[in-house]
Amino acid sequence: YEAYASGQFILAQMGNAKSKQWCTDHGVEFRSALTTGDNKLGGFLAPDEFDSRVIDLREEYGVFRANTFVTSMASDHKVQPRRKSGLTAYAVGDNDEITASNKNWSQIELTAKKWGCLSKYSSEIDEDAVISLADDLADEMAYALATKEDNTGFIGDGTSTYHGVTGAEPGINDGSHDGSVYTAASGNTAFSTLDLADFEGCVGQLPQYAENGAAWYISKVGYWASMARLVDAAGGNTISDLGRGPERVFLGYPVVISQVLNTTTGADTSATKCLFGNLAMASTLGDRRGLSVKVSVDRYFELDQVGIIGTTRTAINVHELGDASTAGPLLALETPAS
């Protein structure tokens, strides 16, 4: 039903008379799409069914969204308090005055930015299966938005491509957060040469407070060239073990595959090969507005195509990365310079 209602909604926006009547009969709000850029006329919020389908798919695709801390935003800007330091306990003798200490707070700022994607469909889609249309459009929009969130949260370089957001990997390696960098042993400059001691050293550097919820974040090629290789080499494998493949857990922590992370298979000096820690403690994603859709039947008239734009407004802030000497809740395992 959700897919069918979503498809009827999209077709109604394109002017399909039967779909308009269906939406009217079933309480699904729609508006005739114009190309003036006026949100009151040309823009509209997707119905709950379609919005939830995109969100569900985005969470399936989106590694960053699925593992960060997600908070709703009631306005374009949100300030969220964070604990900076706590109270101090002192040894106190009889009749001695207790030394005072203060709990310190700082703030996390979230500023919603617009993210959008454009999809073009042939005009014949109103003749095709309604459910197929909704499934395809939800899948494409979810994939595009999730990919952008993953790239922004993990490898955003602070440029306009990422709305000025610096992601976890560049943030850790900006020279101000060296306490969150663990460097592999000399000579271990590739996934294929990383050894067990490198990964164990990275685990040991993670603060205890970040243990609950910690995970490895690594590309698929990186996982099979390093972690899976070490598991296979550990011995004790049977034919059935090799048939099933290694469990996506390494040194007691889940392994999360992210294809936006390092995929270089050869020698790769002074490079982050994977991230390890609690992403939800290190970053926050603010949701300001769900999916909004615009449809134009005129923009691609000469191609007999329909343009469908989907936009959301979210904020991403990677804010807890430690400092020059103290590790934060998320670490980078880096190869040495040689």
Side-chain angles (χ1 to χ4, degrees), residues 2 5-6 9 27-31 39-40 43-84 105-117 134 137-156 158 162-168 171 209-210 212-215 217 256 258 260 277-294 309-321 328-330:
E2 289 180 350
S6 301
F9 163 77
V28 177
E29 182 181 358
F30 69 93
R31 299 170 185 162
N39 284 335
K40 294 181 180 178
F44 45 89
L45 290 178
D48 292 341
E49 292 87 352
F50 187 69
D51 197 19
S52 65
R53 290 174 66 78
V54 172
I55 291 173
D56 287 344
L57 286 169
R58 189 168 60 193
E59 289 178 344
E60 179 181 346
Y61 290 133
V63 173
F64 188 82
R65 174 178 283 263
N67 291 276
T68 190
F69 177 74
V70 179
T71 182
S72 60
M73 298 177 66
S75 63
D76 295 350
H77 185 258
K78 181 176 182 178
V79 177
Q80 188 165 312
R82 62 179 277 269
R83 178 185 180 275
K84 187 174 183 180
W105 300 84
S106 62
Q107 296 177 333
I108 301 167
E109 292 192 24
L110 297 171
T111 302
K113 303 292 185 179
K114 181 189 288 187
W115 309 89
C117 56
L137 185 58
D139 188 80
E140 289 298 328
M141 287 188 173
Y143 185 81
L145 293 168
T147 300
K148 179 56 70 173
E149 286 181 355
D150 280 2
N151 276 276
T152 302
F154 283 118
I155 61 171
Y162 305 101
H163 271 312
V165 176
T166 299
Y209 67 78
N212 187 22
Y217 298 91
V256 181
S258 174
V260 306
N278 191 318
L279 186 61
M281 286 185 174
S283 60
T284 300
L285 187 151
D287 257 329
R288 174 66 182 96
R289 172 175 59 71
L291 181 67
S292 178
V293 181
K294 290 182 180 180
I309 295 175
T311 63
T312 60
R313 296 186 67 195
T314 60
I316 293 176
N317 188 341
V318 183
H319 46 79
E320 301 295 334
L321 298 177
L330 189 67

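When a residue number appears, it is its place in the shown sequence, counting from 1.
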**Study point:** Side-chain donor or acceptor of K78 paired with backbone N/O of S72 under 3.5 Å
**Key:**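 Flag set: sc K78 to bb S72 pair under 3.5 Å.
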
To the nearest 0.5 Å, tell me how far [X] [atom1] sits from [Y] [atom2].
| X | Y | atom1 | atom2 | result |
| --- | --- | --- | --- | --- |
| D150 | F64 | CG | CZ | 8.5 Å |
| N317 | T166 | CG | OG1 | 9.5 Å |
| L110 | R288 | CG | CZ | 12.5 Å |
| F69 | I108 | CZ | CD1 | 8.5 Å |
| T111 | D76 | OG1 | CG | 8.5 Å |
| F154 | L330 | CZ | CG | 8.0 Å |

If you look at every heavy atom in [X] and [Y], which pair is closest and at what distance?
| X | Y | result |
| --- | --- | --- |
| A210 | A214 | O-CB, 3.5 Å |
| V63 | N67 | O-ND2, 2.8 Å |
| G310 | M141 | N-CE, 3.6 Å |
| W115 | L145 | O-CD2, 4.1 Å |

**Study point:** Contacts of type side-chain hydrogen bond (donor to acceptor under 3.5 Å, both in side chains), residue H163, not counting sequence neighbours
**Key:**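 With neighbours one apart ignored, the set is empty.
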
Point to revise | Partner residues of S283 under the side-chain hydrogen bond (donor to acceptor under 3.5 Å, both in side chains) criterion, sequence neighbours left out | key: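 By the side-chain hydrogen bond (donor to acceptor under 3.5 Å, both in side chains) rule, S283 matches T68.
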
**Study point:** Close side-chain approach of T314 to R65, heavy-atom, < 4.5 Å
**Key:**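 Yes. Closest side-chain heavy atoms under 4.5 Å.
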
Check your understanding: Taking C-beta and beyond as the side chain, do R289 and T311 meet within less than 4.5 Å on heavy atoms?
Key ->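 The answer is yes, as the side chains (C-beta and beyond) meet within the 4.5 Å cut-off.
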
Exercise for review: State which residue, out of D287, L285, T284, fulfils the side chain to side chain contact (heavy atoms under 4.5 Å, CB included) condition with T71.
Suggested key: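 Of the listed residues D287, L285, T284, the side chain to side chain contact (heavy atoms under 4.5 Å, CB included) partner of T71 is T284.
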
